[in-house]
*Asks:* 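If you scroll down you'll find the structure; I have some questions about it.
The model shown is predicted, which means the values in this text are computed figures rather than measured ones.
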Amino acid sequence: MFDRQGNRKYLNGAERRAFQVMAAKESEMLRRAFLLTLFNTGCRISEALNLTVERVDFANQDAVFETLKRRKSGLFRGVPIPDSLVELLRQITPKENPSARVWTFSRPTAYRLVKECMARGGIRGGMASPKGLRHGFAVACLSQKIPLTTVQKWLGHARLETTAIYLDVSGDEERKLAERLWEQTNGKTELD
């Protein structure tokens, strides 16, 4: 999960929290819902922008995204969304036109919204991007021991190997994994 210069490509836990706080403070409801949808689902910007009212499954509390990066169309996946996002989406979605898109702004506008939210949260560097947010979602899922196959489904990956790249983490996430290993040995080191 590093670029060719050795820079981290995903938001760590603190950066994700900062993004979530700034997204929740967004005063305009449509923008807030968009940012929180990206945060809570790990979807791509284009997949969020393609989300229609009828694909917000209020009964099952899922957002149903069409996976747009595959070679064929018509591949959908449901991603669970929290109660607060369900309620927010319920407030902004027009009931009279179920095939209408939830968000009508352009991809450049959506990209700018994400970047502005990150800047307000003090998130800087190569990971401060929509893709960094998506990568951070995947790393957060795996750090919470969500099965790799579930993360694969939520992200819309065709191959498990693609999802497995998120197992290559660093910093706090890697340290937490190492601490679990150290705890198994009761904190003893070879020097004890």
*Asks:* For a quick test of reading the model, state the closest non-hydrogen atom pair linking G78 to W154 and the distance between them.
*Replies:* O-CD1, 3.9 Å
*Asks:* How about V79 and D62: do any of their side-chain heavy atoms sit closer than 4.5 Å?
*Replies:* no
*Asks:* Is there a salt bridge (charged side-chain N to carboxylate O under 4.0 Å, His left out) between E26 and R120? Walk through the geometry before answering.
*Replies:* CA-CA 10 Å; E26 173 62 52; R120 285 191 310 273; 3.5 Å; yes
*Asks:* Of the non-hydrogen atoms in V102 and V56, which two are nearest, and what is the gap between them?
*Replies:* CG2-CG2, 4.2 Å
*Asks:* Distance-only check: which donor-acceptor pairs under 3.5 Å involve side-chain atoms of residues 16-23, not counting sequence neighbours?
*Replies:*
residue : atom : partner : partner atom : Å
R17     : NH1  : G13     : O            : 3.3

*Asks:* Determine, stepwise, if the pair F137 / L11 fulfils side-chain contact (heavy atoms from CB on, under 4.5 Å).
*Replies:* CA-CA 8 Å; F137 172 82; L11 299 187; over 6 Å; no
*Asks:* Following the transitive rule for hydrophobic clusters with a side-chain heavy-atom cut-off under 4.5 Å over Ile, Leu, Val, Met, Phe, Trp and Tyr, establish whether F39 and L30 coincide in one cluster.
*Replies:* yes
*Asks:* Does the side chain of R101 come within less than 4.5 Å of N50's, by heavy atoms?
*Replies:*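 Yes, their side chains come closer than 4.5 Å.
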*Asks:* Which pair of heavy atoms, one from V86 and one from F58, lies closest together, and at what distance?
*Replies:*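 Looks like O-CE2, 3.6 Å.
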*Asks:* Tell me whether L155 is reachable from F76 by hopping between hydrophobic residues (I, L, V, M, F, W, Y) whose side-chain heavy atoms are closer than 4.5 Å.
*Replies:*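 Looking at the clustering, L155 is in a separate group from F76.
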*Asks:* Do the charged groups of R32 and E28 touch, with an N to O distance under 4.0 Å?
*Replies:*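 E28 and R32: not salt-bridged.
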*Asks:* For the CD atom of E15 and the CE atom of M127, what is their distance to the nearest 0.5 Å?
*Replies:* 4.5 Å
*Asks:* Hydrophobic cluster membership, with links at side-chain heavy-atom distances under 4.5 Å among I/L/V/M/F/W/Y: are L35 and I92 in one?
*Replies:* yes
*Asks:* Determine whether L89 and I81 make a side-chain contact, defined as any pair of heavy atoms from C-beta on separated by less than 4.5 Å.
*Replies:*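 Counting from C-beta outward, L89 and I81 do come under 4.5 Å.
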*Asks:* To the closest 0.5 Å, what do you measure between OG (S46) and CZ (F65)?
*Replies:* 10.5 Å
*Asks:* If you define the side chain from C-beta out and look only at heavy atoms, does anything of P130 sit under 4.5 Å from L38?
*Replies:* no
*Asks:* Out of curiosity, Y166 OH to L148 CG, how far, rounded to the nearest 0.5 Å?
*Replies:* 11.0 Å
*Asks:* Using every non-hydrogen atom in the two residues, find where D83 and Q61 come nearest and quote the distance to one decimal.
*Replies:*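 Heavy atoms of D83 and Q61 come nearest at OD1-NE2, 2.7 Å.
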*Asks:* Checking side-chain contact (heavy atoms from CB on, under 4.5 Å) for the pair L49/R44: CA distance, chi angles, key distance, verdict?
*Replies:* CA-CA 9 Å; L49 291 174; R44 298 171 181 93; over 6 Å; no
*Asks:* Atom CD in Q152, atom CG in L160: separation rounded to 0.5 Å?
*Replies:* 5.0 Å
*Asks:* Is it the case that the side chain of T41 and the backbone of T37 share a donor-acceptor pair, with hydrogens and angles ignored and the cut-off at 3.5 Å?
*Replies:*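 Yes: the side chain of T41 pairs with the backbone of T37.
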*Asks:* Any chance you could measure N7, atom CG, to R4, atom CZ, to the nearest 0.5 Å?
*Replies:* 13.5 Å
*Asks:* Can you list the steps and then say if S73 with E66 is a side-chain contact (heavy atoms from CB on, under 4.5 Å)?
*Replies:* CA-CA 8 Å; S73 61; E66 182 173 12; 3.5 Å; yes
*Asks:* Is E47 salt-bridged to R77, going by a charged N under 4.0 Å from an acidic O?
*Replies:* yes
*Asks:* Using every non-hydrogen atom in the two residues, find where G156 and T67 come nearest and quote the distance to one decimal.
*Replies:*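 Heavy atoms of G156 and T67 come nearest at O-CG2, 3.3 Å.
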*Asks:* List the steps, then state whether side-chain contact (heavy atoms from CB on, under 4.5 Å) holds for N97 with V53.
*Replies:* CA-CA 8 Å; N97 188 0; V53 174; over 6 Å; no
*Asks:* Please answer whether the main-chain N or O of G42 pairs with a side-chain N or O of R134 as donor and acceptor at a distance below 3.5 Å.
*Replies:* yes
*Asks:* Of all heavy-atom pairs between H135 and K9, which one has the smallest distance, and what is that distance?
*Replies:*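 Heavy atoms only, the tightest pair is CD2-O, 3.2 Å.
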*Asks:* Calculate, to the nearest 0.5 Å, the distance between atoms OH and OG belonging to Y10 and S129 respectively.
*Replies:*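 If I round to the nearest 0.5 Å, the distance is 13.5 Å.
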